[in-house]
Amino acid sequence: MYNKLQYISQGETSKEQLYNIHQALDAGCKWVQMRFKNQTTKKTFALAEKVKPLCEEYLANFIINDDLHLAEQIAADGVHLGLTDMKIDEARAILGSAKIIGGTANTFEDIQNHVKNGCDYIGLGPFRFTVTKEKLSPILGLSGYSEILQKMKKNKIEVPVYAIGGITLKDVNPLIDIGIHGIAVSGIITESDEKEKLIQQLNEKLYADIIV
Ligand SMILES: Cc1ncc(COP(=O)(O)OP(=O)(O)O)c(N)n1
Ligand SMILES: Cc1nc(C(=O)O)sc1CCOP(=O)(O)O
Ligand SMILES: [Mg+2]
């Protein structure tokens with residue numbers, strides 16, 4: 001089962017990215033998606049080369065946003081692909097079955113397509129407005145999520161769905177109650193002054209149903 005909390009990295013420079021990722025790992029994140037937009041191949045490669053051993057040290061999964069070839073080159077654990085990125089089935093043909101491939105969805109039909117094409121998990125969003133990403137798809141809100149998850153159930157589509165977009169601690173319980181598997185967050189972790197406490201609180205809510 002994939003970790004229920006995915007941290008999506010932030011930072012304007014490689015230094016900031018590395019710092020933020022290191023802080024998130026130190027605070028207990030076990031899954032990092034490196035998202036470093038509008039950079040040269042050389043810069044993203046250099047950053048990924050540093051992030052990979054760091055994630056290994058912290059026993060965290062490491063996936064790359066957008067760039068399948070970078071994920072392949074540095075043998076990351078996988079890749080996250082959006083609706084305008086490389087198609088999931090093409091990516092699967094290149095990466096093989098052992099790697100994680102996540103796909104962005106905004107509608108039930110997106111999820112149907114991704115599952116048909118071999119996607120491992122879905123990033124469904126946006127939950128609400130966020131400044132982290134430009135050109136957002138239509139905002140879903142809790143009712144949008146609920147409608148989509150009900151359609152999945154009716155159609156017996158089983159794939160872990162991660163809520164994304166402006167997620168905060170107070171959103172976790174209602175999202176879990178409607179059947180969301182996990183959350184993918186960026187801003188709340190990057191900006192928190194008490195990252196360890198926040199991650200512990202998020203995990204307590206995300207894993208509340210797991211009996212230990
Ligand atoms: C877990 C997760 N879900 C959705 C996204 C968004 O991907 P995409 O639509 O390709 O947008 P960018 O992140 O590339 O700007 C994601 N990255 N992760
Ligand atoms: C990267 C991304 N994708 C989204 C989508 O809706 O597809 S929302 C988003 C930003 C997530 O960061 P934050 O937790 O700071 O809002
Ligand atoms: Mg993308």
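Sequence positions, counted from 1, serve as the residue numbers for this chain. Start at 1 and go down the list; that is how both ligands and their atoms are numbered.
In terms of protein heavy atoms, atom 11 (C) of ligand 2 is closest to Ile164 CG1, 3.8 Å. Taking atom 13 (O) of ligand 1 as the reference point, the nearest protein heavy-atom neighbour is Arg35 NE, 2.7 Å. The closest protein non-hydrogen atom to atom 16 (O) of ligand 2 is Thr130 OG1, 2.6 Å. His80 CE1, 3.2 Å is the protein heavy atom nearest to atom 2 (C) of ligand 1. At the top of the distance list for atom 11 (O) of ligand 1, counting protein heavy atoms only, stands Lys133 NZ, 3.2 Å. Ranking the protein heavy atoms by distance from atom 14 (O) of ligand 2 puts Ser186 N, 3.0 Å first.
Below 3.5 Å of separation, one finds an N or O of Thr132 facing an N or O of ligand 2. Considering both main-chain and side-chain atoms, Lys133 comes within under 3.5 Å of ligand 2 through a nitrogen or oxygen pair. Looking at ligand 2, you'll find an N or O of Pro126 within less than 3.5 Å of one of its N or O atoms. Polar contact check, Gly166 against ligand 2: a nitrogen or oxygen pair lies under 3.5 Å apart. At a 3.5 angstrom cut-off on N or O pairs, Gln10 does not count as close to ligand 2. Among the atoms of Gly165, none of the N or O lies under 3.5 angstrom from an N or O of ligand 2.
Closest approach of Gly125 to Asn106, counting heavy atoms only: O-ND2, 2.9 Å. Between Arg35 and Ser9, the closest heavy-atom pair is N-OG, 2.8 Å. The heavy-atom pair separating Val79 from Ile63 by the smallest distance is N-CB, 4.0 Å. Taking both residues in full, the closest heavy atoms of Gly123 and Ile164 are given as C-CG2, 4.1 Å, listed atom of the first, atom of the second, then distance. Closest non-hydrogen pair, Ile88 versus Gly118, comes out as CG2-C, 3.9 Å.
Between the side chain of His114 and the backbone N or O of Thr104, at least one donor-acceptor pair lies under 3.5 Å. Judged by distance alone, the side chain of Lys195 and the main-chain N or O of Thr190 form a donor-acceptor pair under 3.5 Å. Between the Lys30 side chain and the Asn3 main chain, no donor and acceptor come within less than 3.5 Å of each other. No donor-acceptor pair closer than 3.5 Å links the side chain of Arg128 to the backbone N or O of Leu142.
Ring pair His22/Tyr58 is perpendicular by interplanar angle, where above 60° counts as perpendicular and below 30° as parallel.
Distances from the Mg ion (ligand 3) to each N, O or S atom of Asp85 single out OD2 as the nearest. Sorting the N, O or S atoms of Asp66 by how far they are from the Mg ion (ligand 3) puts OD1 first.
Here is the list of ligand 2 atoms found below 4.0 Å of a heavy atom in Gly125: 6 (O). The ligand atoms of ligand 2 that sit less than 4.0 angstrom from a heavy atom of Thr104 are 7 (O). Counting the atoms of ligand 1 from 1 in the order shown, those under 4.0 Å from a heavy atom of Gly82 are 8 (P), 9 (O), 10 (O). Numbered from 1 in the order shown, with element, the atoms of ligand 1 that lie under 4.0 Å from a heavy atom of Ala184 read 1 (C). Residue Asp85 approaches ligand 1 through these ligand atoms, each under 4.0 Å from one of its heavy atoms: 10 (O). In the vicinity of Gln33, heavy-atom distances shorter than 4.0 Å reach the ligand 1 atoms 1 (C), 2 (C), 16 (C), 17 (N), 18 (N). Contact atoms of ligand 2 toward Val185: 14 (O) (distance under 4.0 Å to a heavy atom of the residue). Which parts of ligand 1 touch Ile8 is read off a 4.0 Å heavy-atom cut-off, strictly below it: atoms 18 (N). When each atom of ligand 1 is checked for a heavy atom of Lys37 under 4.0 Å away, the hits are 12 (P), 14 (O), 15 (O). Residue contact check: Gln6 has heavy atoms under 4.0 Å from atoms 1 (C) of ligand 1. Within the listing of ligand 1, atoms 10 (O), 14 (O) sit less than 4.0 angstrom from a heavy atom of Asp66. The Gly187 neighbourhood of ligand 2 comprises atoms 13 (P), 14 (O), 15 (O), with distances under 4.0 Å to a heavy atom of that residue.
Applying the ring pair (Phe, Tyr, Trp, His ring centres under 6.0 Å) test between Tyr162 and each of Trp31, Tyr7, Tyr2 identifies Trp31 as the sole match.
To the nearest 0.5 Å, atom CG of residue Leu169 and atom CD of residue Glu204 are 9.5 Å apart. Distance check: Thr107 OG1 to Leu140 CG gives 9.0 Å after rounding to the nearest 0.5 Å.
Residue Gln73 qualifies as enclosed at atom CD: its count of foreign heavy atoms under 6.0 Å is above 12.
When the heavy-atom distances from atom 1 (C) of ligand 2 to Lys37, Gln6, Arg128, Arg35 are ranked, the shortest goes to Arg35. Among Leu136, Thr104, Leu81, Thr132, the residue whose heavy atom sits closest to atom 8 (P) of ligand 1 is Thr104.
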task: Before giving the answer on salt bridge (charged side-chain N to carboxylate O under 4.0 Å, His left out), spell out for Asp66 and Lys37 the whole-Å C-alpha distance, their side-chain angles and the decisive distance to 0.1 Å.
output: CA-CA 9 Å; Asp66 292 345; Lys37 305 294 280 189; 2.5 Å; yes

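Side-chain contact check for Thr44 and Gln39: no donor-acceptor pair (N or O, by modelled atom type) lies under 3.5 Å.
Under a 4.0 Å N-O distance rule, the pair Lys205/Asp171 does not qualify as a salt bridge.
Contacts between Asn65 and ligand 1, counted as non-hydrogen atom pairs separated by less than 4.0 Å, involve the side chain only.
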